[in-house]
Amino acid sequence: MGDSYRIIFIHAPSAWMSMFTYVVMAVAGATGLIWRIKLGHAVARACAPLGAVFTFCALVTGALWGKPTWGTYWIWDARLTSELVLLFLYFGYMALISAIEDKRTASRAAALLAVVGLVNIPIIHYSVEWWNTLHQGSTVTRLARPAMDIEMLIPLLIMFAAINFYFIASLFNRVRCELLDQERQTQWVKNLVHKHQMNGQAHG
Amino acid sequence: MVEFFDMGGYGFYIWISYGIFAVMLGYNYFAPLSRHKKLIQTLSLFYNRQ
């Protein structure tokens with residue numbers, strides 16, 4: 001395998017987060033749909049670009065891993081294709097949000113798309129078992145015994161932890177914007193913007 | 001030093017991977033921060049017009 005294994009440390013966490021973010025997005029969208037919790041829609045909207053970034057990273061690092069090890073950047077096998085579909089689901093979600101003028105209608109329609117698209121997640125996960133693919137099977141997430149050297153497993157788990165913290169921080173960043181935009185008619189946003197203005201004047 | 005960058009012949013693929021990863025994560029982290037700044041400006045204009 002040579003030194004190309006080093007790509008795994010960013011590829012596997014990105015791929016994991018691409019699916020995890022989608023589940024968070026779909027669940028948040030569903031809570032918005034079912035219980036009409038507007039915060040759910042805000043979280044779902046914040047997840048979409050984040051998930052698209054993770055999916056893009058997983059695909060690109062995967063391609064750069066594939067070239068030296070399999071001899072090709074891309075092949076239309078089950079794992080790679082279903083991951084590409086995931087990227088298009090994120091794009092579709094974002095396109096739907098920006099295509100519909102009314103934010104609440106847009107959020108509801110897009111949440112429905114997210115929930116329906118959830119079917120793709122088990123397909124991605126089990127694709128390496130259901131079909132013959134070039135992609136190797138899971139090595140970390142299987143519980144029996146990790147098929148990996150402890151020296152490689154520890155840094156990989158650290159990367160998994162790190163990217164989860166990154167996800168949380170990044171999600172908060174984005175939800176903050178979504179909420180301010182969504183709640184612009186409320187008094188607390190008015191007060192907050194007013195406070196920012198006062199601070200801005202004091203500094204500049 | 002050369003050995004470190006070459007990574008047994010895989011250096012090109014590895015460094016491009018890490019580079020793209022770093023750029024994407026950096027962009028994704030800072031984009032909402034600048035959006036927040038713009039949003040505050042947009043909203044203060046919005047309230048002033050009301």
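As a basis for the values below, the full set of heavy atoms in this structure was taken, side chains included, without hydrogen atoms, waters or symmetry mates.
- Residues H196(A) and H36(B) have side chains in contact (heavy-atom distance under 4.5 Å, counting atoms from C-beta outward).
- L43(B) and V189(A) make their closest contact through CD1-CG1, 3.9 Å (heavy atoms, listed as atom of the first residue, atom of the second, distance).
- Heavy-atom proximity under 4.5 angstrom to chain B picks out A169(A), S170(A), N173(A), R174(A), R176(A), C177(A), E178(A), L180(A), D181(A), R184(A), Q185(A) from residues 168-185 of chain A.
- Heavy-atom contacts from other residues, nucleotides or ligands closer than 6.0 Å to OH of Y18(B) number more than 12.
- Contacts with chain A were tallied for T42(B), I40(B), N28(B), L33(B); N28(B) has the most, counting heavy-atom pairs under 4.5 Å.
- I16(B) touches chain A through backbone and side chain together, each having a heavy atom under 4.5 Å away.
- With a threshold of 4.5 angstrom between heavy atoms, Y47(B) approaches chain A through side-chain atoms but not through N, CA, C or O.
- The structure places CD1 of I10(A) at 12.0 Å from CE of M24(B), a figure rounded to the nearest 0.5 Å.
- Of the inter-residue distances, the one linking I8(A) atom CD1 with S17(B) atom OG reads 10.0 Å to the nearest 0.5 angstrom.
- Only the side chain of F46(B) has a heavy atom closer than 4.5 Å to any heavy atom of chain A.
- Rounding to the nearest 0.5 Å places OH of Y10(B) at 9.5 Å from CD1 of I7(A).
- For Y166(A) (side chain) and L25(B) (main-chain N/O), a donor-acceptor pair under 3.5 Å exists by modelled atom type.
- Of all non-hydrogen atoms in P68(A) and Y13(B), the two that sit nearest each other are CG-CD1, 3.6 Å.
- The closest side-chain heavy-atom distance from I20(B) to T61(A) is not below 4.5 Å.
- More than 12 heavy atoms of other residues, nucleotides or ligands lie within 6.0 Å of CH2 in W188(A), so this atom counts as buried by the packing criterion.
- Taking every heavy atom of both residues into account, F21(B) and I163(A) meet most closely at CZ-CD1, 4.0 Å.
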